[in-house]
Amino acid sequence: MIKFIRNIKILHKGYTRFNLFLIIVLFTTYAFSNPPVTTKNQENLELEVEFYAIPSPDEILEYIHRNEIEYTPSLMADLAKRDQYVTYKERLVMYGVYMANMAYAASFDQTNTALSYFNVIEETGRNMNIFPPEIEQLGERLMQNINNMDSVNYIYDELYLLTISNLHETDRFGEYALITAGGFIESIYLALNSRGSKIKENEFMMRVWDQKMILNQLNQMFERYLSPSVKNQITLEFVELNEAYNQFAGADNPATSEREENGRIVIGTSNADRTISNPIDRIHKEVNKLRLKWVQ
Amino acid sequence: MKEKFLIHIILTLILGTFAIQESYSQSCRGYERRCESAPRYFQSSSLSRAVTLRKARKIIINQTFFGNREYFVSVCGHNRLGKIHFRLIADDEDQTVLYDNAADDFKESQLFVILNTMAVKVEISAPHYFDDRGSECAGVRIFYNQQKD
(Lines give C-alpha, C1' and ligand atoms only; values in the text may rest on other atoms or scores of the structure.)
Protein backbone atom coordinates (compact mmCIF):
# COMPACT_ATOMS: atom_id res chain seq x y z
CA MET A 1 0.00 0.00 0.00
CA ILE A 2 2.83 2.36 0.96
CA LYS A 3 4.59 1.42 -2.29
CA PHE A 4 1.38 2.19 -4.23
CA ILE A 5 1.06 5.66 -2.61
CA ARG A 6 4.76 6.33 -3.36
CA ASN A 7 4.20 5.35 -7.00
CA ILE A 8 1.23 7.71 -7.20
CA LYS A 9 3.41 10.51 -5.78
CA ILE A 10 6.11 9.89 -8.42
CA LEU A 11 3.50 9.74 -11.21
CA HIS A 12 1.88 12.89 -9.84
CA LYS A 13 5.20 14.78 -10.01
CA GLY A 14 5.78 13.43 -13.53
CA TYR A 15 2.34 14.56 -14.70
CA THR A 16 2.84 18.01 -13.16
CA ARG A 17 6.11 18.47 -15.04
CA PHE A 18 4.66 17.05 -18.27
CA ASN A 19 1.63 19.33 -18.03
CA LEU A 20 3.86 22.34 -17.40
CA PHE A 21 5.86 21.40 -20.50
CA LEU A 22 2.67 21.07 -22.59
CA ILE A 23 1.39 24.43 -21.34
CA ILE A 24 4.69 26.18 -22.24
CA VAL A 25 4.78 24.61 -25.72
CA LEU A 26 1.15 25.47 -26.44
CA PHE A 27 1.53 28.99 -25.04
CA THR A 28 4.57 29.89 -27.18
CA THR A 29 2.84 28.44 -30.24
CA TYR A 30 -0.36 30.41 -29.73
CA ALA A 31 1.22 33.64 -28.41
CA PHE A 32 3.04 34.25 -31.70
CA SER A 33 0.41 32.76 -33.99
CA ASN A 34 -2.04 34.98 -35.73
CA PRO A 35 -4.29 33.50 -38.37
CA PRO A 36 -3.86 34.81 -41.90
CA VAL A 37 -6.11 37.72 -42.81
CA THR A 38 -9.50 36.55 -44.01
CA THR A 39 -12.05 38.66 -45.82
CA LYS A 40 -15.36 37.79 -47.33
CA ASN A 41 -15.88 38.61 -50.97
CA GLN A 42 -19.55 39.66 -50.91
CA GLU A 43 -20.24 39.09 -54.62
CA ASN A 44 -19.19 35.45 -54.73
CA LEU A 45 -19.51 34.66 -51.02
CA GLU A 46 -15.94 33.42 -51.19
CA LEU A 47 -13.61 33.52 -48.24
CA GLU A 48 -10.27 35.08 -49.09
CA VAL A 49 -7.29 33.97 -47.04
CA GLU A 50 -4.35 36.27 -47.52
CA PHE A 51 -0.76 35.91 -46.45
CA TYR A 52 2.80 36.82 -47.49
CA ALA A 53 5.80 35.09 -49.02
CA ILE A 54 8.99 37.18 -48.93
CA PRO A 55 12.14 36.16 -50.86
CA SER A 56 14.77 34.47 -48.67
CA PRO A 57 17.96 36.37 -47.67
CA ASP A 58 20.06 34.62 -50.34
CA GLU A 59 17.58 35.63 -53.06
CA ILE A 60 17.64 39.27 -51.91
CA LEU A 61 21.45 39.29 -51.67
CA GLU A 62 21.90 37.63 -55.05
CA TYR A 63 19.46 40.04 -56.68
CA ILE A 64 21.20 43.14 -55.34
CA HIS A 65 24.88 42.29 -55.72
CA ARG A 66 24.84 40.03 -58.83
CA ASN A 67 28.20 38.52 -57.80
CA GLU A 68 29.81 41.96 -58.01
CA ILE A 69 30.88 42.28 -54.35
CA GLU A 70 33.80 40.77 -52.45
CA TYR A 71 33.47 38.58 -49.38
CA THR A 72 33.93 40.82 -46.31
CA PRO A 73 33.80 38.63 -43.18
CA SER A 74 34.30 41.58 -40.80
CA LEU A 75 30.72 42.63 -41.56
CA MET A 76 29.17 39.41 -40.33
CA ALA A 77 27.34 38.98 -37.02
CA ASP A 78 29.56 37.77 -34.19
CA LEU A 79 28.40 34.32 -33.11
CA ALA A 80 30.20 34.63 -29.77
CA LYS A 81 27.59 37.22 -28.76
CA ARG A 82 24.60 35.00 -29.49
CA ASP A 83 23.69 34.64 -25.81
CA GLN A 84 23.21 38.40 -25.47
CA TYR A 85 19.91 38.26 -27.36
CA VAL A 86 17.37 37.36 -24.73
CA THR A 87 13.90 38.52 -25.70
CA TYR A 88 11.82 36.43 -28.07
CA LYS A 89 11.77 39.33 -30.57
CA GLU A 90 15.56 39.72 -30.49
CA ARG A 91 16.11 36.01 -30.97
CA LEU A 92 13.72 35.81 -33.94
CA VAL A 93 15.31 38.85 -35.62
CA MET A 94 18.77 37.33 -35.04
CA TYR A 95 17.56 34.02 -36.50
CA GLY A 96 16.94 35.95 -39.75
CA VAL A 97 20.29 37.76 -39.43
CA TYR A 98 22.15 34.45 -39.01
CA MET A 99 20.28 32.94 -41.99
CA ALA A 100 21.49 35.88 -44.12
CA ASN A 101 25.05 35.37 -42.85
CA MET A 102 24.92 31.66 -43.64
CA ALA A 103 23.70 32.48 -47.17
CA TYR A 104 26.47 35.09 -47.56
CA ALA A 105 29.21 32.65 -46.46
CA ALA A 106 27.80 29.85 -48.63
CA SER A 107 27.66 32.12 -51.69
CA PHE A 108 31.42 32.69 -51.35
CA ASP A 109 32.16 28.96 -50.75
CA GLN A 110 33.08 29.56 -47.10
CA THR A 111 31.94 26.11 -45.92
CA ASN A 112 33.25 26.24 -42.37
CA THR A 113 31.80 29.69 -41.70
CA ALA A 114 28.45 28.64 -43.19
CA LEU A 115 28.54 25.57 -40.96
CA SER A 116 29.17 27.69 -37.83
CA TYR A 117 26.06 29.75 -38.62
CA PHE A 118 24.09 26.58 -39.35
CA ASN A 119 24.93 25.23 -35.89
CA VAL A 120 23.72 28.40 -34.17
CA ILE A 121 20.59 28.57 -36.35
CA GLU A 122 19.83 24.94 -35.51
CA GLU A 123 20.33 25.53 -31.78
CA THR A 124 18.23 28.71 -31.81
CA GLY A 125 15.48 27.05 -33.85
CA ARG A 126 15.24 24.13 -31.44
CA ASN A 127 15.15 26.41 -28.40
CA MET A 128 12.33 28.43 -29.92
CA ASN A 129 10.37 25.37 -31.09
CA ILE A 130 10.17 26.59 -34.70
CA PHE A 131 11.48 23.49 -36.44
CA PRO A 132 9.56 20.62 -37.96
CA PRO A 133 10.90 17.11 -37.18
CA GLU A 134 12.69 16.84 -40.57
CA ILE A 135 15.46 19.12 -39.28
CA GLU A 136 17.02 16.13 -37.48
CA GLN A 137 17.76 14.44 -40.82
CA LEU A 138 19.07 17.72 -42.23
CA GLY A 139 21.80 17.99 -39.59
CA GLU A 140 22.87 14.40 -40.26
CA ARG A 141 23.04 15.04 -44.01
CA LEU A 142 25.12 18.16 -43.45
CA MET A 143 27.64 16.24 -41.35
CA GLN A 144 27.91 13.54 -44.03
CA ASN A 145 28.54 16.07 -46.83
CA ILE A 146 30.57 18.61 -44.93
CA ASN A 147 33.15 19.18 -47.69
CA ASN A 148 30.68 19.46 -50.51
CA MET A 149 29.71 23.09 -51.00
CA ASP A 150 26.70 22.25 -53.18
CA SER A 151 25.35 20.26 -50.24
CA VAL A 152 25.77 23.24 -47.93
CA ASN A 153 23.87 25.46 -50.35
CA TYR A 154 21.22 22.80 -50.71
CA ILE A 155 20.95 22.37 -46.96
CA TYR A 156 20.65 26.15 -46.51
CA ASP A 157 17.72 26.16 -48.95
CA GLU A 158 16.11 23.20 -47.19
CA LEU A 159 16.61 24.72 -43.74
CA TYR A 160 15.02 27.98 -44.82
CA LEU A 161 12.10 26.32 -46.61
CA LEU A 162 11.38 23.89 -43.77
CA THR A 163 11.44 26.69 -41.19
CA ILE A 164 9.20 28.98 -43.21
CA SER A 165 6.75 26.29 -44.28
CA ASN A 166 6.49 25.08 -40.68
CA LEU A 167 5.68 28.61 -39.44
CA HIS A 168 3.20 29.01 -42.29
CA GLU A 169 1.45 25.70 -41.64
CA THR A 170 1.09 26.51 -37.96
CA ASP A 171 -0.15 30.08 -38.59
CA ARG A 172 2.85 31.62 -36.82
CA PHE A 173 3.00 34.63 -39.13
CA GLY A 174 4.26 37.00 -36.41
CA GLU A 175 7.40 34.92 -36.00
CA TYR A 176 7.77 34.73 -39.78
CA ALA A 177 7.55 38.56 -39.98
CA LEU A 178 10.35 39.04 -37.42
CA ILE A 179 12.67 36.43 -38.95
CA THR A 180 12.07 37.97 -42.37
CA ALA A 181 12.80 41.47 -41.04
CA GLY A 182 16.16 40.30 -39.65
CA GLY A 183 17.11 38.54 -42.89
CA PHE A 184 15.98 41.48 -45.01
CA ILE A 185 18.00 44.14 -43.15
CA GLU A 186 21.10 41.93 -42.91
CA SER A 187 20.96 41.12 -46.65
CA ILE A 188 20.81 44.79 -47.66
CA TYR A 189 23.52 45.63 -45.07
CA LEU A 190 25.88 43.00 -46.52
CA ALA A 191 25.15 44.02 -50.11
CA LEU A 192 25.72 47.72 -49.38
CA ASN A 193 28.82 47.43 -47.20
CA SER A 194 30.83 44.59 -48.73
CA ARG A 195 34.06 45.52 -50.47
CA GLY A 196 33.51 46.23 -54.15
CA SER A 197 29.89 47.20 -53.67
CA LYS A 198 28.89 49.37 -56.65
CA ILE A 199 26.91 51.69 -54.49
CA LYS A 200 27.21 54.70 -56.80
CA GLU A 201 26.13 52.90 -59.94
CA ASN A 202 22.65 53.44 -61.24
CA GLU A 203 21.69 49.77 -61.76
CA PHE A 204 22.93 48.81 -58.29
CA MET A 205 21.00 51.69 -56.70
CA MET A 206 17.90 50.65 -58.62
CA ARG A 207 18.14 47.12 -57.23
CA VAL A 208 18.48 48.51 -53.68
CA TRP A 209 15.49 50.74 -54.33
CA ASP A 210 13.51 47.73 -55.61
CA GLN A 211 13.58 46.41 -52.04
CA LYS A 212 10.91 48.99 -51.26
CA MET A 213 8.28 46.47 -52.42
CA ILE A 214 9.48 44.02 -49.79
CA LEU A 215 9.68 46.76 -47.16
CA ASN A 216 6.04 47.66 -47.86
CA GLN A 217 4.99 44.03 -47.45
CA LEU A 218 7.00 43.76 -44.23
CA ASN A 219 5.18 46.82 -42.84
CA GLN A 220 1.86 45.17 -43.67
CA MET A 221 2.96 41.98 -41.93
CA PHE A 222 3.97 43.90 -38.80
CA GLU A 223 0.57 45.58 -38.78
CA ARG A 224 -1.40 42.35 -39.23
CA TYR A 225 0.48 39.72 -37.31
CA LEU A 226 2.43 41.21 -34.39
CA SER A 227 1.18 41.74 -30.87
CA PRO A 228 0.63 45.46 -30.05
CA SER A 229 3.79 45.87 -27.95
CA VAL A 230 6.13 44.16 -30.47
CA LYS A 231 4.39 45.98 -33.32
CA ASN A 232 4.91 49.39 -31.68
CA GLN A 233 8.55 48.63 -31.00
CA ILE A 234 9.43 47.40 -34.49
CA THR A 235 7.33 50.02 -36.27
CA LEU A 236 9.29 52.73 -34.45
CA GLU A 237 12.55 51.04 -35.42
CA PHE A 238 11.54 51.13 -39.09
CA VAL A 239 10.26 54.74 -39.21
CA GLU A 240 13.44 56.31 -40.58
CA LEU A 241 14.14 53.55 -43.08
CA ASN A 242 10.58 53.91 -44.39
CA GLU A 243 11.13 57.67 -44.72
CA ALA A 244 14.38 57.08 -46.58
CA TYR A 245 12.65 54.76 -49.04
CA ASN A 246 9.73 57.18 -49.40
CA GLN A 247 12.12 59.81 -50.83
CA PHE A 248 11.74 58.08 -54.14
CA ALA A 249 8.74 58.40 -56.39
CA GLY A 250 6.97 55.07 -56.31
CA ALA A 251 4.13 55.04 -58.75
CA ASP A 252 4.95 53.48 -62.07
CA ASN A 253 2.30 53.12 -64.73
CA PRO A 254 -0.10 50.22 -64.27
CA ALA A 255 1.40 46.84 -65.11
CA THR A 256 0.54 45.21 -68.41
CA SER A 257 0.98 41.69 -69.70
CA GLU A 258 1.48 40.41 -73.21
CA ARG A 259 1.75 36.85 -74.48
CA GLU A 260 4.66 36.07 -76.79
CA GLU A 261 4.44 33.53 -79.62
CA ASN A 262 6.52 31.05 -77.64
CA GLY A 263 3.92 31.10 -74.82
CA ARG A 264 5.85 33.27 -72.35
CA ILE A 265 3.95 36.13 -70.78
CA VAL A 266 5.90 39.38 -70.57
CA ILE A 267 4.90 41.59 -67.65
CA GLY A 268 6.06 45.13 -67.02
CA THR A 269 5.13 48.72 -66.59
CA SER A 270 5.21 50.73 -69.77
CA ASN A 271 7.61 53.68 -69.83
CA ALA A 272 9.12 52.56 -66.53
CA ASP A 273 11.91 55.00 -65.76
CA ARG A 274 15.07 53.07 -64.95
CA THR A 275 17.03 56.09 -63.77
CA ILE A 276 16.84 57.56 -60.28
CA SER A 277 17.74 61.07 -59.32
CA ASN A 278 18.47 60.57 -55.61
CA PRO A 279 21.53 58.70 -54.41
CA ILE A 280 20.84 55.93 -51.90
CA ASP A 281 22.94 57.55 -49.16
CA ARG A 282 20.07 57.91 -46.73
CA ILE A 283 18.86 54.33 -47.25
CA HIS A 284 22.44 53.17 -46.67
CA LYS A 285 22.68 55.21 -43.46
CA GLU A 286 19.34 53.99 -42.10
CA VAL A 287 20.05 50.33 -42.91
CA ASN A 288 23.38 50.59 -41.07
CA LYS A 289 21.72 52.35 -38.12
CA LEU A 290 18.99 49.73 -37.74
CA ARG A 291 21.46 46.89 -38.12
CA LEU A 292 23.71 48.43 -35.46
CA LYS A 293 20.73 48.62 -33.15
CA TRP A 294 19.86 44.95 -33.65
CA VAL A 295 23.27 43.29 -33.93
CA GLN A 296 25.73 43.76 -31.11
CA MET B 1 -4.02 13.11 -3.10
CA LYS B 2 -6.02 10.81 -5.40
CA GLU B 3 -8.21 13.74 -6.51
CA LYS B 4 -5.16 15.83 -7.44
CA PHE B 5 -3.76 12.88 -9.32
CA LEU B 6 -7.03 12.49 -11.28
CA ILE B 7 -7.10 16.22 -12.09
CA HIS B 8 -3.58 16.00 -13.49
CA ILE B 9 -4.49 13.00 -15.66
CA ILE B 10 -7.51 14.88 -17.06
CA LEU B 11 -5.40 18.01 -17.66
CA THR B 12 -2.77 15.91 -19.45
CA LEU B 13 -5.44 14.38 -21.71
CA ILE B 14 -6.90 17.81 -22.58
CA LEU B 15 -3.51 19.40 -23.28
CA GLY B 16 -2.38 16.29 -25.17
CA THR B 17 -5.46 16.54 -27.42
CA PHE B 18 -4.57 20.17 -28.24
CA ALA B 19 -0.98 19.22 -28.97
CA ILE B 20 -2.05 16.33 -31.25
CA GLN B 21 -4.49 18.61 -33.10
CA GLU B 22 -1.66 21.11 -33.58
CA SER B 23 0.60 18.48 -35.11
CA TYR B 24 -2.16 17.07 -37.37
CA SER B 25 -2.81 20.53 -38.86
CA GLN B 26 0.63 20.38 -40.52
CA SER B 27 -0.29 17.67 -42.99
CA CYS B 28 0.12 19.73 -46.20
CA ARG B 29 3.76 20.66 -45.56
CA GLY B 30 5.91 20.03 -48.63
CA TYR B 31 2.92 19.44 -50.94
CA GLU B 32 4.22 22.10 -53.38
CA ARG B 33 7.02 19.72 -54.35
CA ARG B 34 4.42 17.66 -56.23
CA CYS B 35 3.84 20.55 -58.64
CA GLU B 36 5.61 20.64 -61.99
CA SER B 37 9.30 21.59 -61.99
CA ALA B 38 10.79 24.29 -64.20
CA PRO B 39 13.43 23.59 -66.85
CA ARG B 40 16.81 22.74 -65.32
CA TYR B 41 18.39 26.17 -65.78
CA PHE B 42 15.87 27.69 -63.33
CA GLN B 43 16.52 28.04 -59.60
CA SER B 44 14.00 27.03 -56.99
CA SER B 45 12.52 30.01 -55.12
CA SER B 46 11.69 30.33 -51.44
CA LEU B 47 8.34 31.80 -52.50
CA SER B 48 6.83 28.32 -53.04
CA ARG B 49 4.11 27.34 -50.58
CA ALA B 50 1.76 24.49 -49.68
CA VAL B 51 -1.80 25.54 -48.83
CA THR B 52 -5.09 24.01 -47.75
CA LEU B 53 -8.02 24.58 -50.07
CA ARG B 54 -11.69 24.40 -49.12
CA LYS B 55 -14.93 24.99 -50.93
CA ALA B 56 -15.43 28.71 -51.70
CA ARG B 57 -12.01 29.66 -50.38
CA LYS B 58 -9.43 31.70 -52.27
CA ILE B 59 -5.82 31.75 -51.16
CA ILE B 60 -3.94 34.95 -51.91
CA ILE B 61 -0.17 35.00 -51.50
CA ASN B 62 1.42 38.47 -51.55
CA GLN B 63 4.85 38.33 -53.13
CA THR B 64 7.52 40.45 -54.79
CA PHE B 65 8.79 39.38 -58.22
CA PHE B 66 12.17 40.92 -59.05
CA GLY B 67 12.70 42.64 -62.38
CA ASN B 68 14.75 41.30 -65.28
CA ARG B 69 13.91 37.74 -64.31
CA GLU B 70 11.90 34.86 -65.71
CA TYR B 71 9.53 33.21 -63.23
CA PHE B 72 8.09 29.73 -63.74
CA VAL B 73 4.94 29.30 -61.66
CA SER B 74 3.20 25.93 -61.31
CA VAL B 75 0.17 25.00 -59.25
CA CYS B 76 -1.20 21.62 -58.26
CA GLY B 77 -3.69 20.07 -55.87
CA HIS B 78 -5.16 16.80 -54.68
CA ASN B 79 -7.26 15.02 -57.35
CA ARG B 80 -10.42 15.55 -55.32
CA LEU B 81 -10.06 19.34 -55.70
CA GLY B 82 -10.53 19.16 -59.47
CA LYS B 83 -8.92 21.88 -61.56
CA ILE B 84 -6.93 24.57 -59.78
CA HIS B 85 -7.76 28.15 -60.70
CA PHE B 86 -4.69 30.38 -60.68
CA ARG B 87 -4.43 34.13 -61.28
CA LEU B 88 -1.49 36.50 -61.15
CA ILE B 89 -2.58 39.99 -60.12
CA ALA B 90 -0.52 43.20 -59.95
CA ASP B 91 -0.73 44.67 -56.45
CA ASP B 92 -1.24 48.20 -57.74
CA GLU B 93 -4.19 50.59 -57.59
CA ASP B 94 -5.98 48.85 -60.45
CA GLN B 95 -5.27 45.29 -59.20
CA THR B 96 -4.70 44.37 -62.84
CA VAL B 97 -5.15 40.69 -63.63
CA LEU B 98 -1.94 39.79 -65.45
CA TYR B 99 -2.75 36.12 -66.03
CA ASP B 100 -5.77 33.89 -65.52
CA ASN B 101 -5.40 30.18 -66.22
CA ALA B 102 -9.19 29.83 -66.61
CA ALA B 103 -8.70 31.41 -70.04
CA ASP B 104 -6.02 28.78 -70.69
CA ASP B 105 -8.00 25.60 -69.87
CA PHE B 106 -6.75 25.72 -66.25
CA LYS B 107 -3.17 25.09 -67.36
CA GLU B 108 -1.07 24.26 -64.29
CA SER B 109 2.13 26.09 -65.19
CA GLN B 110 3.14 29.30 -66.89
CA LEU B 111 6.38 31.11 -67.67
CA PHE B 112 6.48 34.86 -67.00
CA VAL B 113 9.09 37.44 -67.95
CA ILE B 114 9.13 40.22 -65.34
CA LEU B 115 10.59 43.46 -66.67
CA ASN B 116 10.38 45.62 -63.52
CA THR B 117 10.29 44.59 -59.87
CA MET B 118 6.68 44.52 -58.75
CA ALA B 119 4.42 43.43 -55.93
CA VAL B 120 2.08 40.70 -57.12
CA LYS B 121 -0.65 38.51 -55.71
CA VAL B 122 -0.75 34.83 -56.57
CA GLU B 123 -4.37 33.74 -56.16
CA ILE B 124 -5.45 30.11 -56.18
CA SER B 125 -8.76 28.35 -55.62
CA ALA B 126 -10.57 25.11 -56.49
CA PRO B 127 -13.80 26.22 -58.23
CA HIS B 128 -15.01 22.67 -58.89
CA TYR B 129 -14.67 21.40 -55.33
CA PHE B 130 -18.04 21.25 -53.64
CA ASP B 131 -17.40 19.31 -50.43
CA ASP B 132 -18.82 21.51 -47.66
CA ARG B 133 -16.80 19.98 -44.85
CA GLY B 134 -13.61 18.73 -46.45
CA SER B 135 -10.31 20.36 -47.30
CA GLU B 136 -7.40 19.19 -49.43
CA CYS B 137 -3.78 20.09 -49.98
CA ALA B 138 -2.58 22.20 -52.88
CA GLY B 139 0.67 23.95 -53.73
CA VAL B 140 2.26 26.79 -55.62
CA ARG B 141 5.81 26.20 -56.82
CA ILE B 142 7.95 29.07 -58.05
CA PHE B 143 11.28 29.04 -59.88
CA TYR B 144 13.29 31.92 -61.31
CA ASN B 145 16.00 32.55 -63.84
CA GLN B 146 18.09 35.72 -63.96
CA GLN B 147 17.94 37.28 -67.43
CA LYS B 148 21.21 38.49 -68.92
CA ASP B 149 21.53 42.31 -69.07
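Atoms considered below: every heavy atom in the structure, side chains included; atoms not considered: hydrogens, waters and symmetry mates. In what follows, every chain begins at residue 1, and chains take the letters A, B, ... in the order their sequences are listed.
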Select, from B:Asp92, B:Val122, B:Val120, the one with the greatest count of heavy-atom pairs under 4.5 Å involving chain A. B:Asp92
If you measure from CD on A:Glu59 to CZ on B:Arg69, what distance do you get to the nearest 0.5 Å? 6.5 Å
Determine the minimum heavy-atom distance between A:Arg66 and B:Gln146, stating which atoms define it. NH2-NE2, 3.0 Å
Under 4.5 Å from any heavy atom of chain B - which part of A:Glu258: neither
Suppose we screen for ring pair (Phe, Tyr, Trp, His ring centres under 6.0 Å). Which residues come up paired with A:Phe184, at least two apart in sequence or across chains? none
Is the closest side-chain heavy-atom distance between A:Asp157 and B:Gln43 below 4.5 Å? no
A:Ile267 and side chain to side chain contact (heavy atoms under 4.5 Å, CB included): which single residue from B:Thr96, B:Leu88, B:Val113 fits? B:Leu88
Closest heavy-atom pair and its distance - B:Leu98, A:Ser257: O-OG, 2.9 Å
Would you call A:Gln211 and B:Phe66 a side-chain contact if the rule is heavy atoms closer than 4.5 Å? yes
State, to 0.1 Å, how close B:Val51 and A:Phe51 come at their nearest heavy-atom pair, and which atoms those are. CG1-CZ, 3.7 Å
With rounding to the nearest 0.5 angstrom, report the OH to CG distance, A:Tyr52 to B:Leu47. 14.5 Å
What's the spacing between A:Lys212 NZ and B:Thr64 OG1 if we round to 0.5 Å? 12.5 Å
For a 4.5 angstrom cut-off between non-hydrogen side-chain atoms, does B:Phe112 reach A:Val266? no
Decide, yes or no, whether a salt bridge links A:Glu50 with B:Lys58 under the criterion of side-chain N to carboxylate O below 4.0 Å. no
Distance col, row A:Asn216:CG vs B:Asn62:CG, nearest 0.5 angstrom, shows 11.5 Å
Value rounded to 0.5 Å, distance of CG in A:Leu161 from CD in B:Glu32: 7.0 Å
Tell me whether B:Glu93 at atom CD has more than 12 heavy atoms from other residues, nucleotides or ligands lying less than 6.0 Å away. no
Chain B contact via A:Ile214 - which portion, at a heavy-atom distance below 4.5 Å: both
Donor-acceptor contact below 3.5 Å, side chain A:Gln217 vs main chain B:Gln63: yes
Nearest atoms (heavy-atom pairs only) where A:His168 meets B:Ala50: NE2-O, 3.3 Å
Kindly compute the distance separating CG (A:Leu47) from NZ (B:Lys55), expressed to the nearest 0.5 Å. 13.0 Å
With heavy-atom distances below 4.5 Å as the criterion, would you say the side chains of B:Thr117 and A:Arg207 are in contact? no
Mind listing the closest non-hydrogen atom pair of A:Ile54 and B:Ser46 along with its distance? O-OG, 4.0 Å
Counting only heavy atoms closer than 4.5 Å, note whether B:Arg57 contacts chain A via side chain, backbone, both or neither. both
On a heavy-atom basis, the closest approach of B:Met118 and A:Gly268 is CE-CA, 4.0 Å
Less than 4.5 Å apart, any side-chain heavy atom of A:Arg259 and any of B:Gln110? yes
With no hydrogens and no angle check, do the side chains of B:Tyr144 and A:Glu62 hold a donor and an acceptor under 3.5 Å apart? yes
